[in-house]
Amino acid sequence: MIKFISVWEEDDAVVVRTKRENLYIEYEWYFCIRRDDAKKHREFLLDLRGVEKFEDDKTGWIRVYVPYLERQKTISAVKSMMPTFEADLKLWQRWVTDEDCELEMNQSVLYFDIETDDRTPGIEPGRDQIVSIAAIGSDDKEHYFYDIKSEKKVLNGFVNLATKYDILAGWNSQSFDLVAIAKRCKLHKVPFDFWVADQAHKDLGGLDSVRRAGKYIAKSKSINSIDLMMKLKEMRYRDTEMIKQVRSFGLNAVAKLLLGKEKVDHTGKSIWHLATKEPKLLREYNMQDVRLTKEIDENQKIIQQKLVEHHICNARLNDYTSSGRIDPYALRAAKRFGMRLPSKPDRVIEEEAKDDDDDYEGGYAFDPVKGLHDNVSVFDFASLYPSIIKTFNISIDSHKGHKSTHKAHSDCITLPTGECFSKSKKGIIPLILDEVLSSRDQIRHVEMKKVKKDSPEYWNLHYKQYSFKVLANSMYGIMGASFSRYFKRELAEGITLTGQHLIKDLWVWMQREGHVPIYGDTDSIFVKLKKGSDEEDVSKEADKKLDKEIKRFGVKENFLHFSFEKTYTKFISVAKKKYSGVAADGSEKTMGLELKRREVLPKAEEWQRDLLKMLLKESHTEADFIIWAREKQKFVHDGKLTQADITYQKKLSREIEDYGKVSRKTGRQTPTPAHVKVAMRLRDQGAVGDDKMSAYSQGSYIQYIVVSDEDGIEAVHPSEFNGKYSKSYYMEKCYSPSQRVLEACFPSHPWDQYAREPKQKKVKSRASSPDVGESDVHVQSILAPKNIQKGGSDLARERRAARRKIRKEKRAQTD
DNA sequence: CTGCCCATCGTCTGC
DNA sequence: TGGCAGACGATGGGCAGC
């Protein structure tokens, strides 16, 4: 067994770095074809040039050995005749898949941080001289390199030290420190195995903006590096509470939140000043940053978790993407099961090939019954998509085609969509899921029981079982990703539409049983149970009904379970994906509402929170809420909003230059958001941020205040603010999140009136003699636009479906 | 010319 | 380079009505 720290290739040799040495291994590369295909195309294959040998591996596959560096032509030729398998693998991937090896868990870490000459405004990693580098090892040894006369000496010192450790870890190091070090090393001809990828204008596809890295990324094949800022961002990317507190995940903000510690203050003194005049303070400042970085890691166990996660997948530490972790696991698992995985699809040329063939319908969200409800019980599926894959045997290799084109017989599981899968031969993806999920159960139910709770072993096992869970849940995701080897639209859509079928079926069943479902999304149903029914009984009955439904499709074993989760004593539904509830024990849960969103005005959040508390935890009448709304209206009108109340913080999800481009689809110029306009202006004035993150590049948050909304939004930065803001605009913005909640709960009152300035003229004695007829007219007038809006969102869904249908027909024509 | 409808983009969330 | 659904804000083209 070889334990690798890192593994890469040099020409046609695999290089393996272990604790003791670097191994150079000359390794033969191959790809696979099906034995049946090989028989069919025997002549073609025998004539094929560039093949060293064919080898039958006795499990139905032929290995085609090809000289690694000249493989492309041969692969293309074979691909034109038959499907290939694992032909995209790099040499080192072949090695990791086939050999007895695993990721080394015992890796030493060097935490580090650099300081640069900051006399030139703006942030451009690598442009300025590195004046110092501080580092602390996982062995607690401290190192400091400082020399303003010779940057080369600083670099040499650091590079030599770095080779003695297995992992380099820093804060924002992948987008800044390592980029700068790599560039300055190149300048001084100091050998350091990192290169810089400029991905400013790269289309990052579906990657969530929160998880995107900066403009530059430093990469290495031989040296492991972990950017703790990026990892923490990834781990917490949906923790809105934390994000609101730390925003861009600057070191100071995070250290303050997690450790209660801060950076060394050097307000008013530049790094260059410290470097030239106060070197002791520079050292202290630089070293403190490293200490904080190391402590955050120890506190959050980031590297430990990553090591566990990569270890169970047998993935390299530097391959942190989903497929980078899934592939090594799946390739090895497939081989154990006597299977080979399809080659990755050839990279398509953006412009022409993108014919939307790869998008498909997802989960189903029921139209909610809006308003305040009592006693709402929630039922849901446990891991819906993995369970569907297992139950219906959904896999690339078990797929037999659509029932309309494929002769159905008894060995068939047919999805509601009509796609057929083998009943007798388990597919590779369900096999992998079985293995992953049973590994997880083994850890949770056996191994974790054997160790002391909260001990280091306990936490290691916890991370391990969690990694297995993540791995299982990622399988559906990559089956729906058109660039992955697991992709097939019919399978991904088969999974989601089967989910739709099952949840809709249960919804109707609930109604027939006399219960009143009020909302549901993808895998859940929120329901007001019939008087006197017991949640657990309903759960059992639902499960029975579900089992019956599923057996109709010819499945062998049902892994799906629909069970009771909790009951809200009070529950408010505002819109799809937006609700709030409180349980009998007082615990609250709010989803999707504005108060959870990070770009919302603090005042709007405060008011909505206030309102929900009144609705869920206290008893008030409609009249109380009218008074409440009038108070808020008056508050804004009297000019009581503070500057903090009206300051927005929105994120640049890409580089400034990439906004306002002409849309390829419509040929029209896309609008530039207000915060981007502010960022452009400020950047041109040369302002900078802290923590070595430019304040005006991808990922930073931009503060702005709206000063006019007469002719489009006119916004300024707080530093440019003269105290005059648009009252009408902020009245709207602070109140409307609450307005929507009130409209949901009391639909007959015209709540929109409080979003405007109070009328100067006295309103025609509405209060003294409330005229029912007139009130109805008002109700109509506020309901009307709402209905249109709702119709609009339904329309959007229908239009999407229509577009998909057209594409489907097109496909049918070309087939 | 003005105001409204509507499609689209951008951001961020739910699952 | 995991997926889709959906809410909501902002913008600008198209169009009806003045």
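Owing to the predicted nature of the structure, the values given are computational and were not obtained by experimental measurement. Proteins get letters first, then strands, A, B, ... in listed order; numbering begins at 1 in each.
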For [X], report the nucleic acid contact type (base, sugar-phosphate, nothing); a contact means any heavy atom under 4.0 Å.
X      : value
A:K650 : nothing
A:S474 : nothing
A:G477 : base
A:S484 : nothing
A:T496 : nothing

From [options], pick the nucleotide closest to the side chain of [X]?
X      : options                : answer
A:E361 : C:dA5, C:dG3, C:dG2    : C:dA5
A:Y729 : C:dA10, B:dC12, B:dG14 : C:dA10
A:R238 : B:dC15, C:dA7, C:dG3   : B:dC15
A:K733 : C:dG9, B:dC12, C:dG2   : C:dG9
A:M591 : B:dG14, C:dT1, C:dT11  : B:dG14
A:F483 : C:dG3, C:dT11, B:dC12  : C:dG3
A:K576 : B:dC15, C:dA7, C:dC8   : C:dA7

With sequence neighbours excluded, what pairs up with A:F559 under the ring pair (Phe, Tyr, Trp, His ring centres under 6.0 Å) test?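 Partners of A:F559 by the ring pair (Phe, Tyr, Trp, His ring centres under 6.0 Å) criterion come out as none, since no residue qualifies.
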OP1, OP2 of [N] versus side-chain N and O of [X]: anything below 4.0 Å?
X      : N      : result
A:R740 : C:dG9  : yes
A:Y579 : B:dT13 : no
A:S482 : C:dG3  : no

Aromatic ring proximity, centroids under 6.0 angstrom, A:F571 and A:Y579: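 Yes, close enough.
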Looking at A:D319 and A:G324, would you say the former's side chain and the latter's main chain have a donor-acceptor pair under 3.5 Å?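 No; zero donor-acceptor contacts below 3.5 Å.
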Using modelled atom types and a 3.5 Å cut-off, is there a donor and acceptor pairing between side-chain atoms of A:N318 and backbone atoms of A:S225?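 Yes: the side chain of A:N318 pairs with the backbone of A:S225.
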What would the secondary structure line of DNA chain C be in dot-bracket form, counting Watson-Crick and G-U wobble pairs under 3.5 Å, with [ ] for pairs that cross earlier ones and | for pairs with another strand? ..|||||||||||||||.
In this structure, how many angstroms lie between the P atom of B:dG14 and the CZ atom of A:F366, rounded?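 Computing the A:F366:CZ to B:dG14:P distance gives 19 Å.
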Applying salt bridge (charged side-chain N to carboxylate O under 4.0 Å, His left out), name anything that partners A:D380, two or more places apart in sequence or on another chain.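 Salt bridge (charged side-chain N to carboxylate O under 4.0 Å, His left out) check on A:D380 returns nothing, list empty.
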Could you list the residues that satisfy salt bridge (charged side-chain N to carboxylate O under 4.0 Å, His left out) with A:R440, not counting sequence neighbours?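 Not a single residue meets the salt bridge (charged side-chain N to carboxylate O under 4.0 Å, His left out) criterion with A:R440.
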Donor-acceptor pair under 3.5 Å: do we get one between A:R597's side chain and the base of B:dC12?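 Such a pair exists between side chain and base.
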With no angle test and no hydrogens, is the base of B:dG14 tied to the side chain of A:K577 by a donor-acceptor pair under 3.5 Å?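 Answer yes: a donor N or O sits under 3.5 Å from an acceptor.
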Sequence neighbours excluded - salt bridge (Lys or Arg N to Asp or Glu O under 4.0 Å) pairs with any residue from residues 324-333 of chain A: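 Found A:E309-A:R325, A:D327-A:R485.
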For A:S539, give me all partners under side chain to side chain contact (heavy atoms under 4.5 Å, CB included), at least two apart in sequence or on another chain.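 Result, side chain to side chain contact (heavy atoms under 4.5 Å, CB included) vs A:S539: A:F379, A:E536, A:S563, A:F564.
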